[in-house]
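Heads up, the thing below is written out as C-alpha cells.
Here the structure is a predicted model, which is why all the values come from computation and not from measurement. Letters go in sequence order (proteins before strands), and every chain restarts at 1. No hydrogens, no waters, no symmetry mates; every other heavy atom, side chains included, goes into these values.
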Amino acid sequence: MIDIKVIRENPEKFKTASAAKHFNVDIDKLIEVDAELKVIKQKLQDISTDKNRIGKSIPKLAPDEKQAAMSQLAELKENELKYNDELKELQPQFDELMQQVPQPADDDVPLGKDDTENIEIRKEGQIREFDFEPKDHLQLGIDLGIIDIERGVKLAGSRNYFLKGDGALLHWAVLRFSIDLMVNKGYTPMSVPLLMKDEAMRGTGYYPGAEEQTYRMEKDQLNLVGTAEVPLTAYHMGEILDEAELPIKVVGLSSCFRREAGAAGKDTYGLYRIHQFDKVEQVVICENSDDESLKYHNEILANSEAVLQGLGLPYRVVNVCTGDLGRGQAKKFDIETWMPSRENYCETHSASKFYEFQARRMNLRYKDSKTKKNSFCHTLNNTVIASPRVLIPIMELYQNADGSITIPEVLRPYMNNKEVIKKQS
RNA sequence: GGAGAGGUGGCCGAGCGGCUUAAGGCAACGGUUUGCUAAACCGUCGUAGGGGAUAAACCCCUACCCCGGGUUCGAAUCCCGGCCUCUCCGCCA
C-alpha cells in the first residue's frame, strides 16, 4: 500500500507508474473520494467534539437546562447519522482503490509489456555441450524409476507427481543444501504454517489479485500458501520492532500450492509447472531506507547465485520489466537457469524489492531512533531454491551417456555420499 | 469435541455506567545528588488521524482498554456476535 499523502502530492506520478506496470487504477477517482472523505471526517469530528462537551455537562445542569441540552444532542445525532451513512459508503470505496494502487517501479527498471521484454543483465556458467543425444528430465526420471507423473495424476489430477527413491532423496538434498548454505550466511531457519488467513495474504499483497491462483479452505477461511514468503514476511505483522532487531533475515522451507488457473495447456510437460512443490525462501526485513533495500536486494540475489554456483548450474540474471512486475514490487531480478530440454534459460528464482509496500499493508513498523517515530519497515524476498523445478537442469545437465545421473558434489553429503543415480533394480 | 475462566498501555495490574485526561508498580529515557557504581528524589514516558503555531521544541481536537455491532445524554465498564488465550476432561499424529 502507498501513503495517501504521497499520492495526493503527485497523482500524475501514480497514473504513469500504474500504466507502466499495466495495472488499471482510477487515481482520479481515488483523489476525489479522498477529498470527500476528508470533509466528512472533519464534520464527524466536530460533531463528536460538541457531543462530548454537552454530554459531560449534563449531570451538572438544572432540569430545564437539561431539556435544552437533550434537544441539541438529538439534532447533532441526526447530523452524525447522515454523515455516517456517507462515510459507510465512501470508506470501502477508498479502501478498495488504495489496495489497488501499485508500487511505482524504480527508475532503472526497463519499460516493457511482459516477460519477453525483460533485460538480461549477465550470464554465468558454461552451457554443457553433449557428445551424445541427451534425454530430458522426465525421460531420465522414468527410465531411472525416480519420477512417476502417471500415478501423481491418477491420484491427484493433472500437474501432480511422485518422486521415488533417489529422486525423492535428490529433491530433499537440494533443499537441505540450500537451507544449510543460508543458515551459514546468518539467516534464521524457520518452519512455517502453510495455511494463512486472508489478512496475511492481503498484507503481503497477494490479495486482492491472486485469489484464483490460491487453493482455499472455505470451511476454515484459510489459504494454502503459494510461497513461504507469506508466513515469513507477515511473521511480525502488526508489531512495532526494535531498531536493534533489524535487519531480520530468515530462511524458510515450505510446500507451495498453486492452482495455475489460466495456465491450461502451458508447460504441461514434466516437472516444470506443477500444483505442488517445495521451496526454500529468504526474506529480509530492514529499516526504512532505500540504500538498505538496495543493499539487501543485492545480497539476496548473491545468496541465490551462490546456491546455483554451488550446484554448478549455468544461469542468467534478468532485470524484470515494468509490465512483468507484481503490484507491490519496485524492482525484481529473476534468475533463469539453463534447461537443456527447453533449450532456454527458464525462471527458477525471483528476487523482489518492495520498499514499504508490504509493511504498510500489514502495519509492520519499528521504532526509529533518529526520528523517535514509528516507521514502516522495508521488505524483500527471493527464492533460494525451488524443487523439483531445479531438478530439471540438475538431472539434464548431470546426465551421462548410459542414462545415469552424476550427483553434484555438494549434494552428496545429503545422499549418503552416493555419487551416481543409476537405474534401480 | 465437552465444561469453565479470561483478553486493559513496552510489561505487571486496578477500574465494572459520568470524579478516568485509564490508578499504582516495573522497565525505559532526561535531570538533581554523588569520587565511580548503586540508591534516592524530580520530570518525561502509547498509537493514528485532523487542526494551529514554528527554525524546532510545542498546543488543541478526535478515535483507540482484543475485533465488530448494540443499549445510553454518556461505555474500558452493560448486552449480542466473532477472534484469541488459559485450565480441566475426552480424543489423537
Give a yes or no on whether the backbone of A/Leu325 and the side-chain of A/Lys331 come within a donor-acceptor separation of less than 3.5 Å.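 Checking the backbone N and O of A/Leu325 against the side chain of A/Lys331, no donor-acceptor pair under 3.5 Å is found.
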Its 5'-most and 3'-most nucleotides having an atom under 4.0 Å from a non-hydrogen atom of chain A, RNA chain B is contacted over B/G18 to B/G74
Go through residues 195-208 of chain A and report each residue with a non-hydrogen atom lying under 4.0 Å from RNA chain B, sorted by number.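 Contacts with RNA chain B under 4.0 Å: none.
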What distance, rounded to whole Å, do you find between the two [atom1] atoms, one in [N] and one in [M]?
{"N": "B/C59", "M": "B/C65", "atom1": "P", "answer": "24 Å"}
{"N": "B/C67", "M": "B/G7", "atom1": "C1'", "answer": "11 Å"}
{"N": "B/C91", "M": "B/C79", "atom1": "C1'", "answer": "36 Å"}
{"N": "B/U21", "M": "B/A27", "atom1": "P", "answer": "28 Å"}
{"N": "B/A63", "M": "B/G74", "atom1": "P", "answer": "12 Å"}
{"N": "B/A3", "M": "B/A22", "atom1": "C1'", "answer": "34 Å"}
{"N": "B/C61", "M": "B/G4", "atom1": "P", "answer": "46 Å"}
{"N": "B/A76", "M": "B/G68", "atom1": "P", "answer": "13 Å"}

Under 3.5 Å on both distances, the Watson-Crick or G-U partner of [N]:
{"N": "B/U44", "value": "B/A28"}
{"N": "B/A3", "value": "B/U87"}
{"N": "B/G18", "value": "B/C73"}

Let me spell it out: for each of A/Thr49 and A/Met70, pick the nucleotide of RNA chain B with the closest heavy atom. Which residue's pick is nearer the 5' end?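 The residue whose closest nucleotide sits nearer the 5' end is A/Thr49.
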Given RNA chain B, 5'-ward residue of the pair A/Lys373 and A/Ser48, judged by closest heavy atom: A/Lys373
Are any of the side-chain heavy atoms of A/Tyr235 and A/Met190 separated by less than 4.5 Å? yes
Would you tell me whether A/Asp95 and A/Gln91 have side-chain atoms, one donor and one acceptor, within less than 3.5 Å of each other?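 The criterion, which ignores hydrogens and geometry beyond distance, is satisfied for A/Gln91 and A/Asp95.
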Neighbour count above 12 (heavy atom, 6.0 Å) for A/Arg8 CZ: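 It does: A/Arg8 CZ has more than 12 such atoms within range.
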Would you call A/Lys353 and A/Asp106 a salt bridge, using N to O less than 4.0 angstrom?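 Judged by the 4.0 Å cut-off on N to carboxylate O distance, A/Lys353 and A/Asp106 do form a salt bridge.
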Could A/Arg389 and A/Phe277 be counted as a cation-pi pair, given that NZ or CZ must be under 6.0 Å from the ring centre and within 45° of the axis? no
What is the distance from atom CD of A/Glu199 to atom CG of A/Asn223, rounded to the nearest 0.5 Å?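 CG of A/Asn223 is found 11.5 Å from CD of A/Glu199.
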According to ring pair (Phe, Tyr, Trp, His ring centres under 6.0 Å), who are the partners of A/Phe14, at least two apart in sequence or on a separate chain? none
If the test is side chain to side chain donor-acceptor pair (under 3.5 Å), which one of A/Arg202, A/Glu229, A/Gln329 qualifies with A/Gln358?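 Of all the options given, the one that passes is A/Glu229.
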